[in-house]
There are 2 protein chains.
Amino acid sequence: MPRRSTGRVTLQDIAERVGVSKVTVSRCLREPQRVSETVRLRIEEAIEVLDYIPNRQAGALSSGRSLSVALLVPSISNSVFSEVQRGVDEGLREAGYQVLMGHTGYSILEEERLIDTFLAYGVDGFVLSSTRHTDHAQRLLNRAHLPVVETMELTDNPLDINVGLDQRVAGRAIGEALITAGYRRIGFCGARLDYRVQQRLAGWEDALKAAGLSTQRCQTTPRPSSYRLGGELLSAMLERWPDMDAVFCCNDDLAAGALFECQRRRLDVPGQLALAGFNGLDITDATWPTLTTVITPRRAIGEQAARLIVERLQGAPRNPSRHDMGFDIALRQST
Amino acid sequence: MPRRSTGRVTLQDIAERVGVSKVTVSRCLREPQRVSETVRLRIEEAIEVLDYIPNRQAGALSSGRSLSVALLVPSISNSVFSEVQRGVDEGLREAGYQVLMGHTGYSILEEERLIDTFLAYGVDGFVLSSTRHTDHAQRLLNRAHLPVVETMELTDNPLDINVGLDQRVAGRAIGEALITAGYRRIGFCGARLDYRVQQRLAGWEDALKAAGLSTQRCQTTPRPSSYRLGGELLSAMLERWPDMDAVFCCNDDLAAGALFECQRRRLDVPGQLALAGFNGLDITDATWPTLTTVITPRRAIGEQAARLIVERLQGAPRNPSRHDMGFDIALRQST
DNA sequence: ATGAAAGCGCTAACAT
DNA sequence: ATGTTAGCGCTTTCAT
């Protein structure tokens, strides 16, 4: 017994109304110039009148391409990734691809789960926001023969395409900037301690060691970053190392939170304590005093990722590559 | 001539390896208890060994259900919506649904485009973050016979399910709180001026009028909200109405930006000027002074939206409803 | 320029 | 408990 149709308007409905076969309608949608003008106009009219919405699942099943790309970010609420997302989204949309977003909660296991899910949805490519993955995730990606872009940080062994910046070099640069500015008892505070934060910490150590300074003033926690945590970490540090004259916070949220805590304590920034953040979020340029930070090219990373993946989707051969997008130090009022 | 297969592992491959038919494998995945234990174990082993990933497009095409729900938010970077998103995501994931997110950029035309796109992807339902849509979008949604939840604000004519809070009443409540606290020359500053902001403004007017106070101190702009804009609007207001003793900012970003501007001007908050925001973002509880604000139950809205849509997806009949999730006023140091 | 036929990988319906 | 058959809506291939 035939299963009843879903009631949705299909290519066949358009075809019948116009009096052509459904291949012609399909063709009209994909290669309008291959259909005669008269037929084209009538098809377009029918589509309009019937409110036809193509069934992408059927299209994808048949063609093997879904015209969608998965973008996996650690966190939705972290504004750091929303800029990357915008760049990716814009670039891919222009090329006719839909971006499907997922968030991993900073967990590579969750990333693996999402890769599996999106493979099941038949995405044509992946943009990941890290270079660290489970073995299984890597296997899945390799077998799928899909273009993959790993973003944010750089790696020597990209799965495929890698677009980011050297987090360690950036950490070192901000450390050096603080040293150049005359600070000598420089602390580091970090939350979450994901790979990128660890790299920034290593960079900070590089800078201090190279200058012969102590790297003992280091306060870290696995807890997720927040404004309040920035305040808490700063308080703990002031207690342990009252002589500290500057702090590099692993990200801008912590830096802003630390600044608020200084205000609460009536501690003059930068007079009594200098503060620096990382990423260059909007808030760093709005507080009083404004915050010194490392500006990361998040939008550009997203755009470049989109550009490269589109190239591949349009047929360019696989060619593992690494793209260093650099960073800028913004020296502001807090140092 | 037969088209060559995609090379992907399919149900058929599993079936052949185990020596059963593919329906049995399919059944094993969906209703394991209906398959004999021995066969089940062998199927599970084959799936593991071959790294089988089901093709959801084929499944959805065949069954008419994609096990996915679209969530449309105005902005990815606005943390207001990330809480909603978490609630939705969590609830839907538990029920076995994947959330596909899109952002409209506060444009109902873009919303319409996304509704079209996600209908093409065959989603089983929609969570929207407004009650305002284009006529065409409403038509599309009605014809699709899919569960739809409109969130954030309340409406008298829900498309289907409506979960939110009365933005106008909330605006009035914060206005009244300021009046109760003794302020009399109360300003309003608003950005973007989307529907919700307009409602908050109307509520603020309600409160001031009811108390016989002037509503002239109102500074608005269509520009998108940001910390810096909060500072700019405040500056403009101080210039126009130097006697102003309190400002209700339409959201927390503006309020924080206004606070930073006060710090820059060495204006004592709340001594010389009181500030209030809207939403209850983390930052309002981190600044110095902390910010008075309206706490909106964003997480709860998301969870409730998920709960209700899952009910419908599991067969509950359509039953238009409105769920007022309320709000709380947090009186903090800035007033 | 247009169409007929086959098939993408899966599930629903109906046997056995 | 398992299998057979048909078909979801589209695109591809090949023919006209």
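Keep in mind that this is a model prediction, so the values were computed, not measured. Chain letters run A, B, ... following the sequence lines, proteins first, then strands; residues in each count from 1.
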Quiz: residues 309-316 of chain A side-chain donor-acceptor pairs under 3.5 angstrom, not counting sequence neighbours:
unit_1	atom_1	unit_2	atom_2	d
R312(A)	NE	A316(A)	O	3.3
R312(A)	NH1	D160(A)	OD1	3.0
R312(A)	NH1	D160(A)	OD2	2.9

Do any side-chain atoms of residues 52-59 of chain A form donor-acceptor pairs under 3.5 angstrom with protein atoms, and if so which ones, sequence neighbours left out?
unit_1	atom_1	unit_2	atom_2	d
N55(A)	OD1	Q57(A)	N	2.9
N55(A)	OD1	A58(A)	N	3.1
Q57(A)	NE2	Y121(B)	O	2.9

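Here dT11(C) presents its P atom at 12 Å from CG of L61(A), a figure rounded to the nearest Å. Spacing between atom CD of Q12(B) and atom P of dG3(D) amounts to 11 Å, rounded to whole angstrom units. Here the C1' atom of nucleotide dG7(D) and the CG atom of L11(A) are 16 Å apart, to the nearest Å. To the nearest angstrom, P of dG9(C) lies 8 Å from CZ of R8(B). In this structure, E16(A) atom CD and dT2(C) atom P are separated by 18 Å, rounded to whole Å.
In this model, the phosphate group of dC8(C) is not approached by any side-chain N or O of T10(B) to a distance below 4.0 Å at OP1 or OP2. Taking side-chain N and O atoms only, R65(B) has a distance below 4.0 Å to OP1 or OP2 of dA12(C).
Axis angle between the ends of the helix from dA1(C)-dT16(D) to dT16(C)-dA1(D), five pairs each and rounded to 10 degrees, works out to 30°.
Counting only heavy atoms from C-beta outward, the side chains of R132(A) and E153(A) approach each other to under 4.5 Å. Here the side chains of H103(B) and S75(B) are not in contact, with every heavy-atom distance at 4.5 Å or above. F81(B) is listed as a side-chain neighbour of M152(B), based on a closest heavy-atom distance under 4.5 Å. Side-chain contact between L165(A) and P297(A): present, with at least one pair of heavy atoms (C-beta onward) separated by less than 4.5 Å.
Closest of all the heavy-atom pairs between V148(B) and L128(B) is CG1-CD1, 3.9 Å.
Across residues 17-32 of chain B, K22(B), V23(B), S26(B), R30(B) each have a non-hydrogen atom less than 4.0 Å from an atom of DNA chain C (numbered order). Listed in residue order, the members of residues 39-57 of chain B having a heavy atom less than 4.0 Å from DNA chain C are Y52(B), P54(B), N55(B).
Between the side chain of S66(B) and the backbone N or O of G122(B) there is at least one donor-acceptor pair closer than 3.5 Å.
Other residues, nucleotides and ligands contribute at most 12 non-hydrogen atoms within 6.0 Å of the CD atom of E48(A).
Remark: L146(B) CG to L159(B) CG distance equals 12.0 Å, nearest 0.5 Å.
For E90(A), the salt bridge (Lys or Arg N to Asp or Glu O under 4.0 Å) partners two or more places apart in sequence, or in a different chain, are R299(A).
Nearer to the 5' terminus of DNA chain D, by closest-nucleotide assignment, is the contact made by V35(B) (compared with the other of A58(B) and V35(B)).
Closest to the side chain of S62(A), from the set dT2(C), dT11(D), dC10(C), is dT11(D).
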